[in-house]
J.: 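Next up is a structure, given as structure tokens.
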Amino acid sequence: AEYGKQWYQRRVRASYYRATKYLDDTEKSVQVTLFPLPTSVGYHSQEQMLTVFEKVLKQCPKLASVYDIGKSHKKRVLQVLRMSAKDSSTGSADSQKQSIKLVGGIHGNEAVGRESLINLVQYFCAAYGHDDLITKLLDTLDIHFLPSMNPDGFASAVHGDWTAGRANAENYDLNRNFPDRFAKRKYPLQPETSAIMKWSKEKRFTTSISLHGGSLVACYPYDNSETGARVYAGSPDDNTFVYMASTYAKAHPTMHKGERICDDDRFVGGISNGAHWYSLNGGMQDWNYLQCGTMEITIEMGCNKYPMEDELLQKYYDHYIPLIAHIKNSRQGFWGKVTDSAGSPIEVEVVVAAPDVGMNITTRHDGQYWRIAAPGKYEITYLANGFKSHVHHVTVEPVNWAALSEPINVMLFMENEDIRNHVDSIDRETRMDMLTRRYIVVSVMIVLALAGCVLVGLWRRKKRRDEQRRQKDIEYRGLIEGGSDSE
């Protein structure tokens with residue numbers, strides 16, 4: 001037992017070192033510690049999972065909260081654990097933060113993702129304030145964990161059975177049940193699917209991850225092609241999706257190698273476009289992207305969908321750093337707030353171009369927006385009915401927690417407005433700030449001008465003295481020469 005424990009510690013330290021080295025290449029000023037990890041994990045029933053949530057709430061009341069988004073066919077609750085550092089003055093999570101979600105168990109028998117999220121929320125609770133990276137994540141993000149989207153399926157899953165528990169209680173595959181861009185839905189919308197759709201539209205998540213099992217790969221949109229053929233079906237944000245999937249695969253000990261380990265599956269770099277692997281209709285990943293603007297990737301966490309408990313710890317060790325890498329990657333891109341000339345937030349369409357012609361997003365009701373983007377140069381256009389458009393150019397750098405990107409706050413003016421008439425609408429603090437800057441600039445210019453005058457005066461004075469000395473030298477030489485002639 002002691003040898004096994006030491007082996008696990010060596011394995012996780014090696015995995016953690018490799019992953020954090022990859023994560024922190026551009027953030028050397030942020031120290032990441034190895035907070036103690038569990039030495040054993042096991043499967044949780046629905047009731048045990050809810051008990052874990054209650055435990056996390058008691059241990060981390062300033063970080064965690066829970067809420068329900070609906071119920072399954074058999075009335076099992078679909079409960080979400082929300083984790084974000086709460087404002088000390090209000091006692092609630094900051095609604096201005098970027099929201100992301102992690103979803104497990106869309107197929108009930110693919111249980112590694114479910115258990116990984118259950119263990120990850122406990123790790124986040126314990127590591128906050130001790131691990132610098134986890135602390136930064138919870139301070140800057142609003143993270144929503146749904147470990148079990150299909151609790152009925154999990155309840156009927158059987159070890160070693162490839163199909164039992166995959167579908168919900170009504171025998172519908174939930175990952176074929178979402179509205180599709182090409183095919184009409186053949187089956188009635190399920191309560192689990194409906195709950196996810198309502199939740200996603202309400203929260204407007206920036207990024208999402210869906211955890212599956214059966215292979216070892218990170219997949220990205222699109223999941224289907226128009227003809228159903230196995231062809232590459234890239235989205236407008238293909239470059240960014242490849243970046244997101246590669247981030248996960250590179251942080252995993254073996255996924256990035258793309259080796260044939262599951263039914264001869266081989267993926268270059270450990271990633272694949274969904275339709276290029278196989279085409280499916282009604283997937284959650286594409287629906288999130290097309291209908292909500294949420295950048296979602298799908299992770300196949302291993303060949304064995306429902307491994308025995310003695311294999312579960314290794315799976316968790318392999319995936320918890322990639323999951324953290326994905327969460328961290330959510331801050332990759334640009335963000336800000338859009339207001340009108342009076343300072344009121346407005347809903348605006350944000351159009352992104354170059355290097356991708358990206359999917360347009362819409363600001364929230366409070367004017368806030370976040371857009372994940374791979375490193376590169378982008379042109380951003382802000383559009384709203386009745387307002388003049390605004391174009392902004394930005395260079396996205398690899399995310400660096402030591403110096404997070406500054407917000408791009410934009411003020412739009414109505415088409416018939418004269419911008420000069422809105423100087424008075426700028427708040428007093430901003431006007432004072434502008435006046436102070438102008439005063440400083442004018443003062444510096446005056447000082448420089450005075451210094452220039454002094455220098456010119458000194459130069460002229462020196463020149464006059466040099467001329468006087470030269471004249472005296474000439475006169476002195478004349479006197480000497482005259483005296484010599486008289487002798």
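Every heavy atom of this structure was used, including side-chain atoms; hydrogens, water molecules and symmetry mates were not. Please read these numbers as outputs of a predicted model, since none were measured by experiment.
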J.: Whether the side chain of Ser194 engages the backbone of Gln190 through a donor-acceptor N/O pair (distance < 3.5 Å, no angle test) should be reported.
T.: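 Absent.
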J.: Just checking, is any N or O donor in the side chain of Asn224 or Asp180 under 3.5 Å from an acceptor N or O on the other one?
T.: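 Yes, side-chain donor-acceptor contact under 3.5 Å.
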J.: Looking at Thr240 and Ala373, what are the two nearest heavy atoms and their distance?
T.: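 Residues Thr240 and Ala373, closest heavy atoms: OG1-CA, 3.7 Å.
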J.: Compare every heavy atom of Met284 with every heavy atom of Ser210, then report the nearest pair and how far apart it is.
T.: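 In terms of heavy atoms, the two residues are closest at OG-CE, 3.5 Å.
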J.: With Asn177 as reference, evaluate Asn168, Thr193, Asn281 under the side chain to side chain donor-acceptor pair (under 3.5 Å) test and give the passing residue.
T.: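 The single option meeting the side chain to side chain donor-acceptor pair (under 3.5 Å) with Asn177 is Thr193.
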J.: Do Arg114's NZ or CZ and the ring of Phe154 fall within the cation-pi criteria of under 6.0 Å and 45°?
T.: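 Pair Arg114/Phe154 counts as cation-pi.
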J.: Could you grab the distance from atom CG of Leu102 to atom CE of Met83, nearest 0.5 Å is fine?
T.: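 If we round to the nearest 0.5 Å, Leu102:CG and Met83:CE are 12.0 Å apart.
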J.: Might you point out which heavy atoms bring Ser99 and Arg364 nearest each other, and give the distance in Å?
T.: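 The pair with the smallest heavy-atom distance is OG-NH1, 4.5 Å.
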J.: Salt-bridge test for Lys101 and Glu296: reply yes if a basic N is under 4.0 Å from a carboxylate O, no otherwise.
T.: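 Looking at Glu296 together with Lys101, the answer is yes, because their closest N to O distance falls below 4.0 Å.
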J.: Could you check whether any side-chain N or O of Ser84 sits under 3.5 Å from a backbone N or O of Leu141, counting only pairs where one atom can act as donor and the other as acceptor?
T.: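 Side chain of Ser84 to backbone of Leu141, a donor-acceptor pair under 3.5 Å: yes, one is there.
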J.: Can you confirm whether Ser116 sits close enough to Met301 that some side-chain heavy atom of one is under 4.5 Å from a side-chain heavy atom of the other?
T.: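 In short, these two side chains touch, coming nearer than 4.5 Å.
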J.: With rounding to the nearest 0.5 Å, note down the distance linking CE in Met255 to NZ in Lys257.
T.: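 Here the rounded value is 13.0 Å.
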J.: Please report the C-alpha distance between Trp287 and Cys292 in whole Å, then the side-chain angles of each, then the deciding distance to 0.1 Å, and finally whether the side chain to side chain contact (heavy atoms under 4.5 Å, CB included) criterion is met.
T.: CA-CA 8 Å; Trp287 181 87; Cys292 304; 3.6 Å; yes
J.: For Ser208 and Asn288, does a side-chain donor sit closer than 3.5 Å to a side-chain acceptor?
T.: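 Asn288 and Ser208 do not have a side-chain donor-acceptor pair below 3.5 Å.
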J.: Quick check for you: to the nearest 0.5 Å, what is the distance between Trp199 atom CH2 and Leu78 atom CG?
T.: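 The CG atom of Leu78 is 9.5 Å from CH2 of Trp199, to the nearest 0.5 Å.
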J.: For the residue pair His365 and Glu347, confirm or rule out a side-chain donor-acceptor distance under 3.5 Å.
T.: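 No.
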J.: Quick one: CD on Gln79 to CD on Gln46, what's the gap to the nearest 0.5 Å?
T.: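 Going from the CD atom of Gln79 to the CD atom of Gln46 covers 8.0 Å.
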J.: For side chain to side chain contact (heavy atoms under 4.5 Å, CB included), just list the numbers for Asn119 and Gln122, CA-CA rounded to whole Å, side-chain angles, deciding distance to a tenth of an Å, and then say yes or no.
T.: CA-CA 5 Å; Asn119 284 283; Gln122 297 177 81; 4.0 Å; yes
J.: Ignoring hydrogens and geometry, is there a side-chain-to-backbone donor-acceptor pair from Asn175 to Ile106 under 3.5 Å?
T.: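 Such a contact is absent between Asn175 side chain and Ile106 backbone.
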J.: Are there more than 12 heavy atoms of other residues, nucleotides or ligands under 6.0 Å from atom OH of Tyr187?
T.: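 Atom OH in Tyr187 is not crowded, with 12 or fewer foreign heavy atoms closer than 6.0 Å.
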J.: Side chain of Ser156, backbone of Gly153: donor and acceptor closer than 3.5 Å?
T.: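 A pair under 3.5 Å: yes.
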J.: Are any of the side-chain heavy atoms of Arg82 and Asp142 separated by less than 4.5 Å?
T.: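 They are in side-chain contact.
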J.: Check whether Ser246 reaches the backbone of Val242 with its side chain - one donor and one acceptor, N or O, closer than 3.5 Å.
T.: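 Judged by distance alone, yes, a pair lies under 3.5 Å.
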J.: Hey, does His326 have a side-chain heavy atom less than 4.5 Å from the side chain of Thr247?
T.: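 They are not in side-chain contact.
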J.: Which pair of non-hydrogen atoms, one from Ile69 and one from Ala195, has the smallest distance, and what is that distance?
T.: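 What the structure gives for the nearest pair is O-CB, 3.4 Å.
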J.: Kindly indicate whether a cation-pi arrangement holds for Arg185 with Phe178, taking the cut-offs as under 6.0 Å to the six-membered ring centre and within 45° of the axis.
T.: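 No, Arg185 does not lie over the aromatic ring of Phe178.
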J.: Assess the residue pair His319 and His252 against the criterion (side chain to side chain contact (heavy atoms under 4.5 Å, CB included)); give the C-alpha distance rounded to whole Å, side-chain angles, the decisive distance to 0.1 Å, and a yes or no.
T.: CA-CA 6 Å; His319 284 279; His252 188 277; 3.5 Å; yes
J.: Assert yes or no for the condition that the ring centre distance of His392 to Phe334 is strictly below 6.0 Å.
T.: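 Not under 6.0 Å, so no.
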J.: Identify the heavy atoms of Ile271 and Ala249 that sit nearest to each other, and give their distance.
T.: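 In this case the closest contact between Ile271 and Ala249 is CG2-CB, 3.9 Å.
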J.: Looking at Tyr306, is its backbone amide N or carbonyl O close enough to the side chain of His159 to form a donor-acceptor pair, meaning the two atoms are under 3.5 Å apart?
T.: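 Answer holds: yes.
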J.: Regarding Lys97 and the six-membered ring of Phe205, is the cationic atom NZ or CZ under 6.0 Å from the ring centre and inside 45° of its axis?
T.: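 Relative to the ring axis of Phe205, which defines the angle, Lys97 lies outside at least one limit.
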J.: Is the shortest distance from a Lys or Arg side-chain nitrogen in Arg166 or Glu110 to a carboxylate oxygen in the other one below 4.0 Å?
T.: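 Looking at Arg166 and Glu110, the cut-off is met.
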J.: Can you measure from OH (Tyr220) to CE (Met244) and round to the nearest 0.5 angstrom?
T.: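 Tyr220 atom OH to Met244 atom CE measures 12.0 Å (nearest 0.5 Å).
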J.: Less than 4.5 Å apart, any side-chain heavy atom of Val391 and any of Ile380?
T.: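 Heavy-atom side-chain distance check fails, nothing below 4.5 Å.
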J.: Look at the side chain of Ser279 and the backbone N and O of Ser225, then say whether any donor-acceptor pair between them is shorter than 3.5 Å.
T.: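 Judged by distance alone, yes, a pair lies under 3.5 Å.
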J.: When you compare the side chain of Met411 with that of Val338, does any pair of heavy atoms fall below 4.5 Å?
T.: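 Answer no - side chains too far apart.
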J.: Do you see a donor-acceptor pair shorter than 3.5 Å between the side chains of Asn150 and His107?
T.: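 Their side chains do not contain a donor-acceptor pair, so the 3.5 Å distance test is not met.
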J.: Hey, are Asn329 and Tyr248 close enough side-chain-wise for a donor-acceptor pair under 3.5 Å?
T.: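 Result is no, nothing qualifies.
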J.: Could you check whether any side-chain heavy atom of Ile327 comes within less than 4.5 Å of a side-chain heavy atom of Ile100, counting everything from C-beta outward?
T.: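 A side-chain contact exists here, since the closest heavy-atom pair is under 4.5 Å.
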J.: Is there a donor-acceptor pair under 3.5 Å between the side chain of Arg230 and the backbone N or O of Trp277?
T.: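 The answer is yes, because a donor-acceptor pair under 3.5 Å joins these two groups.
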J.: Is the distance between the ring centroids of Tyr123 and Tyr320 under 6.0 Å?
T.: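 Judged by ring-centre distance (under 6.0 Å), Tyr123 and Tyr320 do meet the cut-off.
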J.: Rounded to the nearest 0.5 Å, how far does CG of Leu211 lie from CD1 of Ile299?
T.: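 If I round to the nearest 0.5 Å, the distance is 7.0 Å.
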J.: Compute whether any side-chain donor of one residue and acceptor of the other, for Thr254 and His256, lie under 3.5 angstrom apart.
T.: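 Note: Thr254 and His256 side chains miss the donor-acceptor criterion.
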J.: Do side-chain atoms of Thr135 reach the backbone of Asp131 as a donor and acceptor pair under 3.5 angstrom?
T.: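 Yes, the answer is positive, given that a donor and an acceptor are paired below the 3.5 Å cut-off.
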J.: Yes or no on side chain to side chain contact (heavy atoms under 4.5 Å, CB included) for Thr339 and Lys337, after CA distance, side-chain angles and deciding distance?
T.: CA-CA 7 Å; Thr339 61; Lys337 185 175 183 178; 4.1 Å; yes
J.: I want to check something: taking the side chain as every heavy atom from C-beta on, are Ser72 and Met149 in contact at a cut-off of under 4.5 Å?
T.: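 Ser72 vs Met149: side chains apart.
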J.: Tell me, please, which residues at least two apart from Asp223 pass side chain to side chain contact (heavy atoms under 4.5 Å, CB included).
T.: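 Leu280, Gln285, Asp286.
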J.: Do Leu120 and Tyr316 make a side-chain contact, defined as non-hydrogen atoms from C-beta onward lying under 4.5 Å apart?
T.: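 Leu120 vs Tyr316: side chains touch.
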J.: Partners of Cys262 by disulfide (SG to SG under 2.5 Å), sequence neighbours excluded?
T.: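 Checked Cys262 against disulfide (SG to SG under 2.5 Å); matches are Cys303.
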J.: Any side-chain donor paired with an acceptor under 3.5 Å for Asp161 and Thr163?
T.: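 Yes, a side-chain donor-acceptor pair sits under 3.5 Å.
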J.: Considering non-hydrogen atoms only, spot the tightest contact between Phe267 and Ser215 and give its length.
T.: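 In terms of heavy atoms, the two residues are closest at CE1-OG, 3.6 Å.
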J.: Does Thr363 use its side chain to pair, donor to acceptor, with the backbone of Ile346 at less than 3.5 Å?
T.: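 Between the backbone of Ile346 and the side chain of Thr363 there is a qualifying donor-acceptor contact (under 3.5 Å).
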